[in-house]
There are 2 protein chains.
Amino acid sequence: MTYCVGLKIRAGLVLLSDTRTNAGIDNIARYRKMFIFEEPGERVFVMMTAGNLGITQDVVTRIETGVKRARVDPDVESVLNCESLYRAAQIVGEAMLEVQKRDRAHIEAQGSAADATVIVAGQRRGGELRLFEIYSAGNFIEASEDTPFLQIGEHKYGKPILDRVIKPDTTMEEAIKAALVSMDSTLRSNLSVGMPLDMAVIDVDTYHARTQRIEYDHPQFRQISDSWANALREAFNGLPSVNI
Amino acid sequence: MTYCVGLKIRAGLVLLSDTRTNAGIDNIARYRKMFIFEEPGERVFVMMTAGNLGITQDVVTRIETGVKRARVDPDVESVLNCESLYRAAQIVGEAMLEVQKRDRAHIEAQGSAADATVIVAGQRRGGELRLFEIYSAGNFIEASEDTPFLQIGEHKYGKPILDRVIKPDTTMEEAIKAALVSMDSTLRSNLSVGMPLDMAVIDVDTYHARTQRIEYDHPQFRQISDSWANALREAFNGLPSVNI
């Protein structure tokens with residue numbers, strides 16, 4: 001499986017993905033699930049993928065190819081030159097639908113699942129921060145003030161902390177910590193999600209993603225993980241008793 | 001859906017279930033999912049159910065009928081007079097398999113899911129504390145020192161806190177709190193799990209379950225829920241910052 005989470009707050013976007021993939025529990029591999037496209041000073045566009053790896057790799061390849069072709073021929077529409085982030089999400093949805101139409105029946109005939117989802121996020125100069133989740137059918141939903149985060153893959157373990165912490169006015173510092181704590185809870189409870197992690201942070205109106213690959217021995221992630229374990233322990237010990 | 005959790009520590013057993021059932025999100029009802037059988041001073045046996053309600057109600061009815069018949073005719077084997085808790089788990093598994101054999105194909109032909117799981121737990125005089133999870137196929141697994149808890153239904157939201165806290169030497173007081181915190185996280189993140197709750201606490205070698213129905217305004221549960229929310233908030237605020 002996979003766990004990817006995207007947070008949209010007023011201060012920017014925080015995107016975090018793991019790198020574990022598996023076809024059965026005895027066939028585990030490491031693949032990047034975060035893909036970043038930038039037109040410096042103009043637009044940043046990030047994709048994170050979950051689900052059938054053959055499907056998502058093909059979708060990403062189509063988006064990458066579109067961007068490369070558009071650099072040579074500006075008449076080609078790509079996620080970096082299209083009129084809006086909304087249109088960029090549509091382009092990803094169209095790629096998803098084409099791949100699903102070609103492969104889905106064949107994959108399912110083999111007894112495998114063809115489902116795939118993609119979180120796309122970014123900002124263009126003159127536009128707002130946007131965060132979308134694209135489904136296998138090519139349609140999508142967008143994060144809002146009421147629902148300022150989207151998750152794909154193994155989303156349940158890491159949801160409670162996001163439910164409690166993430167609001168539109170959460171600071172960037174808090175959002176980064178919340179994403180890491182959400183991932184830490186998932187890593188501890190589900191073997192199909194694994195290190196290293198890829199993080200991208202997009203401050204509003206910068207059109208640029210600061211990125212970091214977080215390996216197992218990343219000192220700040222270790223500190224977050226250990227501090228959270230200790231703090232939870234203390235919080236738990238401080239709870240009142242219940243008489244049953 | 002449902003969330004039921006059973007903890008087995010050296011000091012005893014803690015069992016907690018919600019009461020929400022739904023057939024689609026517009027058809028929500030309240031059903032007890034915890035069923036307690038006792039032979040005072042000799043044996044206590046608790047069942048908690050998840051999955052297809054028609055299936056689980058039939059399984060519970062068969063177990064109840066067996067207990068009633070055995071009270072009249074001691075030659076009838078029931079979960080309260082059989083030779084061991086292991087055998088009692090088998091009896092539940094056999095009931096599950098019979099109901100599945102009769103109903104499963106018909107249920108699936110209607111496009112519904114027939115899956116069901118049952119947590120069974122208890123102790124007989126002269127035996128150990130036992131905690132089992134019975135599957136749709138009638139087979140089962142048992143909790144161990146390495147895995148001292150079992151969950152059925154919406155298990156993911158509430159697993160991280162159990163992974164961190166529950167060990168064989170956890171105290172009864174801590175186990176009760178951990179079960180309630182695990183349920184609280186699930187209630188907050190998943191609408192298909194709902195109040196009130198049923199809790200049963202079995203101290204080792206007492207052959208008796210102390211029980212409590214926990215309604216929404218239960219003062220101690222509210223205190224746990226509010227204290228945990230505040231403590232998590234504080235724990236989160238105390239985490240170190242991460243530079244990305």
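Below, all heavy atoms of this structure are taken into account, side chains as well, without hydrogens, waters or symmetry copies. Naming: A, B, ... by sequence-line order, numbering from 1 per chain.
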Give a yes-or-no answer on whether the side chains of Ser241(A) and Glu173(B) include a donor-acceptor pair shorter than 3.5 Å.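 Result is yes, a qualifying pair exists.
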Are any of the side-chain nitrogens in Glu145(A) or Arg10(A) under 4.0 Å away from the carboxylate oxygens of its partner?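 Salt bridge: yes.
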Is Glu234(A) in contact with chain B via its backbone, its side chain, both, or neither, using a 4.5 Å heavy-atom distance?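 No part of it gets close to chain B.
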For the candidates Ser189(A), Ala231(A), Ser185(A), Ala235(A), which exhibits the highest count of non-hydrogen atom pairs separated by less than 4.5 Å from chain B?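 Looking at each option in turn, the highest pair count goes to Ser189(A).
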Identify which part of Asn243(A) has an atom lying under 4.5 Å from any heavy atom of chain B, answering side chain, backbone, both or neither.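 Both parts, backbone and side chain.
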Picking from Ala178(A), Gly158(A), Gly238(A), which has the most non-hydrogen pairs under 4.5 angstrom with chain B?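 Looking at each option in turn, the highest pair count goes to Ala178(A).
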Under a 4.5 Å cutoff for heavy-atom pairs, which residue among Val14(B), Ile224(B), Val201(B) has the most contacts with chain A?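 The option with the most such pairs is Ile224(B).
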Region of Val181(A) in contact with chain B, defined by heavy-atom distances below 4.5 Å: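 The side chain, not the backbone.
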Whether Lys8(B) engages the ring of Phe149(B) as a cation-pi pair (distance to the six-membered ring centre under 6.0 angstrom, angle to the ring normal within 45°) should be assessed.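 Verdict for Phe149(B): no cation-pi partner in Lys8(B).
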Identify which part of Ala200(A) has an atom lying under 4.5 Å from any heavy atom of chain B, answering side chain, backbone, both or neither.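 For Ala200(A), neither part sits under 4.5 Å from chain B.
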For the residue pair Ser144(B) and Asp146(B), confirm or rule out a side-chain donor-acceptor distance under 3.5 Å.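 No, because no side-chain N or O of Ser144(B) sits under 3.5 Å from a partner of the opposite role on Asp146(B).
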Against chain A, label Ile176(B) side chain, backbone, both or neither, depending on which of its atoms sit under 4.5 Å from a heavy atom there.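 Answer is side chain: those atoms of Ile176(B) sit under 4.5 Å from chain A.
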Given heavy-atom pairs under 4.5 angstrom as the criterion, report whether the side chain, backbone, both or neither of Asn237(B) touches chain A.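 It is both, since atoms from each part get that close.
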On the six-membered ring of Tyr216(A), is Arg222(A) placed so that its NZ or CZ lies under 6.0 angstrom from the centre and within 45° of the ring axis?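 Geometry flag: set, cation within 6.0 Å and 45°.
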Does CD in Glu108(A) sit with more than 12 non-hydrogen atoms of other residues, nucleotides or ligands closer than 6.0 Å?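 Check passes, neighbour count above 12.
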Which one, His155(A), His218(A), Glu154(A), Lys159(A), leads in non-hydrogen pairs under 4.5 Å with chain B?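 Counting heavy-atom pairs under 4.5 Å, the top option is Lys159(A).
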What orientation do Phe45(A) and Phe37(A) show, parallel under 30°, tilted 30 to 60°, or perpendicular over 60°?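 Geometry flag for Phe37(A) against Phe45(A): tilted rings.
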Can you tell me which of Ile244(A), Val165(A), Asp163(A) forms the most heavy-atom pairs within a distance under 4.5 Å of chain B?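 Highest number of pairs under 4.5 Å: Ile244(A).
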What part of Leu162(B) lies closer than 4.5 angstrom to a heavy atom of chain A: side chain, backbone, both or neither?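 Interface part for Leu162(B): neither.
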Option that, when pairs with chain A are counted at under 4.5 Å, heavy atom only, ranks first among Arg164(B), Arg233(B), Met172(B):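 Winner by heavy-atom pair count: Arg164(B).
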Check this for me: does any side-chain nitrogen of one of Asp205(B) and Arg124(B) sit under 4.0 Å from a carboxylate oxygen of the other?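 Salt bridge between Asp205(B) and Arg124(B), a charged N being under 4.0 Å from a carboxylate O: no.
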Polar side chain donor-acceptor pair, Lys33(B) to Thr2(B), under 3.5 angstrom: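 On atom types as modelled, these side chains qualify, holding a pair under 3.5 Å.
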